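What follows is a set of notes on a single structure, which appears directly below.
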Number of protein chains: 2
Amino acid sequence: MMAGMTSPDHAPHEPLPADVFARGCSSRGALQHLTGRWGALTIVALRLADEPLRFSEVRRRVDGISDRMLSQTLGDLERDGMVVRTVHSTIPPHVTYALAPLGLRVADPLQQLTAIIESELPSVLEARALYDESH
Amino acid sequence: MMAGMTSPDHAPHEPLPADVFARGCSSRGALQHLTGRWGALTIVALRLADEPLRFSEVRRRVDGISDRMLSQTLGDLERDGMVVRTVHSTIPPHVTYALAPLGLRVADPLQQLTAIIESELPSVLEARALYDESH
DNA sequence: CCGCATCCGCCATGATACTG
DNA sequence: CAGTATCATGGCGGATGCGG
């Protein structure tokens with residue numbers, strides 16, 4: 001029994017069990033991996049690169065991420081089918097990460113989101129200044 | 001595009017465009033408020049409601065959120081200009097939250113993201129099962 | 001060297017209780 | 001009803017070390 005809002009789900013074809021608003025739904029976990037501190041930036045970095053990136057290249061693009069968090073983030077995303085990890089048997093060995101088809105789909109809204117935030121940052125800063133004045 | 005390309009040498013106070021990939025950029029904070037644990041769900045809940053919601057209504061829709069986190073999340077979003085808080089001087093007192101224009105813009109990609117995750121949850125679960133088999 | 005696992009300090013989170 | 005205050009905890013992230 002899922003607690004949560006009763007969404008106006010009038011899907012005539014098939015039931016949609018997934019509900020990100022439901023506390024126990026697995027989609028929450030998947031969303032968290034994408035919207036967590038580093039998930040979105042990692043996905044968008046891979047999207048903007050438009051080619052497989054090595055571990056250190058992702059780390060360089062996602063400024064400030066630690067090895068540990070990058071490793072964990074990529075692992076979570078790979079497990080969820082968002083990222084494909086490829087080991088190249090060369091010398092020295094060489095591992096690349098690329099977006100899986102599913103990762104490419106979620107990358108689209110994530111990139112839109114980062115683009116909006118970047119372009120609207122002045123508005124955000126202005127709103128913060130106003131807010132801080134009266135609080 | 002400039003995203004991800006933190007030029008190695010540049011003037012420190014140059015009016016550079018916002019870059020979510022840069023460690024110190026304020027846009028990181030704004031992104032974090034939106035992609036944090038509760039930010040996206042709160043925004044999308046307000047978007048789906050399509051009308052101002054009371055504190056307790058948001059809490060009911062965003063299943064599992066605590067008073068403390070909802071208060072903090074709404075406060076952060078209000079400060080960033082994403083949400084408008086309105087106090088109605090009635091008895092009992094009545095406070096509603098609605099999306100500001102900027103919040104409405106970011107709600108669009110966020111809602112797309114949640115929709116993709118919900119519809120693709122079976123793929124995610126299948127990917128996880130495959131991953132867990134070989135790890 | 002690159003990728004990733006372990007130890008540990010710290011902050012965000014959450015449960016509970018209290019206030020306007 | 002709409003929050004705020006206090007305290008306990010777990011996840012985050014840095015430093016370090018190991019394995020390929």
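Here is how names work: the chains are called A, B, and so on, in the same order as the sequence lines, proteins then strands, and each is numbered from 1. Predicted, not measured: the structure shown is a model, and the values here were computed from it.
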Check the angle between the aromatic planes of B:H88 and B:H94 and answer parallel, tilted or perpendicular using the 30° and 60° thresholds.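 Answer is perpendicular, since the angle exceeds 60°.
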Indicate yes or no for a side-chain donor-acceptor contact from B:T90 to the backbone of B:P93 under 3.5 Å, with no hydrogens or angles considered.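 Pair absent, no side-chain N/O of B:T90 close to backbone of B:P93.
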Sidechain-backbone polar pair: B:D63 side chain, A:A22 backbone, donor-acceptor under 3.5 Å: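 Not at all, since once roles are kept as given, no pair shorter than 3.5 Å links the two residues.
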Using whole Å, what does the distance between atom [atom2] of nucleotide [N] and atom [atom1] of [X] come to?
| X | N | atom1 | atom2 | answer |
| --- | --- | --- | --- | --- |
| B:M69 | D:dA8 | CE | P | 17 Å |
| A:L74 | C:dC4 | CG | C1' | 11 Å |
| A:H94 | C:dC2 | NE2 | C1' | 11 Å |
| B:D76 | D:dT4 | CG | P | 12 Å |
| A:Q32 | D:dC12 | CD | C1' | 12 Å |
| A:L70 | D:dG13 | CG | P | 11 Å |
| A:E78 | C:dG3 | CD | C1' | 13 Å |
| B:R28 | D:dG13 | CZ | C1' | 13 Å |

Upstream residue (5' side of DNA chain D) when B:R23 and B:S56 are each assigned their closest nucleotide: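 Looking at the nearest nucleotide for each, B:S56 comes out on the 5' side.
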For A:V95 and for A:R68, find the nucleotide of DNA chain C with the closest heavy atom, then tell me which residue's nucleotide is more 5'.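 First, find each residue's nearest nucleotide; the 5'-ward one identifies A:V95.
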Counting heavy atoms from C-beta on, name the nucleotide in [options] closest to the side chain of [X].
| X | options | result |
| --- | --- | --- |
| B:R85 | D:dG13, D:dA2, C:dT13 | D:dA2 |
| B:R54 | C:dC4, D:dC1, C:dT6 | D:dC1 |
| A:S71 | C:dA5, D:dG3, D:dG13 | C:dA5 |
| B:F55 | C:dT13, D:dG3, D:dG14 | D:dG3 |

Taking every non-hydrogen atom, the tightest pair across [X] and [Y]:
| X | Y | answer |
| --- | --- | --- |
| B:L125 | A:S26 | CD2-CB, 4.0 Å |
| B:W38 | B:T73 | CB-OG1, 3.6 Å |
| B:V20 | B:R28 | O-NE, 2.6 Å |
| B:E118 | A:A18 | O-CB, 3.3 Å |
| B:L99 | B:G103 | CD1-O, 4.1 Å |

Once salt bridge (Lys or Arg N to Asp or Glu O under 4.0 Å) is applied, what residue pairs with a partner in residues 66-87 of chain A remain, sequence neighbours excluded?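 Applying salt bridge (Lys or Arg N to Asp or Glu O under 4.0 Å) to every pair that reaches into residues 66-87 of chain A, excluding sequence neighbours, yields A:R59-A:D67, A:R79-B:D132, A:D80-B:R128.
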Would you list the protein and nucleotides 9-11 of chain D atom pairs, both N or O, that sit under 3.5 Å from each other?
none

Short side-chain N/O contact from B:W38 to OP1 or OP2 of C:dT13, under 4.0 Å: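 Negative; the distance criterion is not met.
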So, is A:Y97 near the phosphate of C:dC2, with a side-chain N or O under 4.0 Å from OP1 or OP2?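 Checking C:dC2 against A:Y97, no side-chain N or O comes under 4.0 Å of OP1 or OP2.
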Using a cut-off of 4.0 Å on non-hydrogen atoms, how would the nucleic acid contact of B:R59 be classed: base, sugar-phosphate, or nothing?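 The answer is nothing, as B:R59 stays clear of every strand by at least 4.0 Å.
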What protein N or O atoms touch nucleotides 16-20 of chain D N or O atoms at under 3.5 angstrom, if any, and at what distances?
none

Can you check whether A:L53 reaches A:T96 side chain to side chain, under 4.5 Å on heavy atoms?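 Of all side-chain heavy-atom pairs linking A:T96 with A:L53, none is under 4.5 Å.
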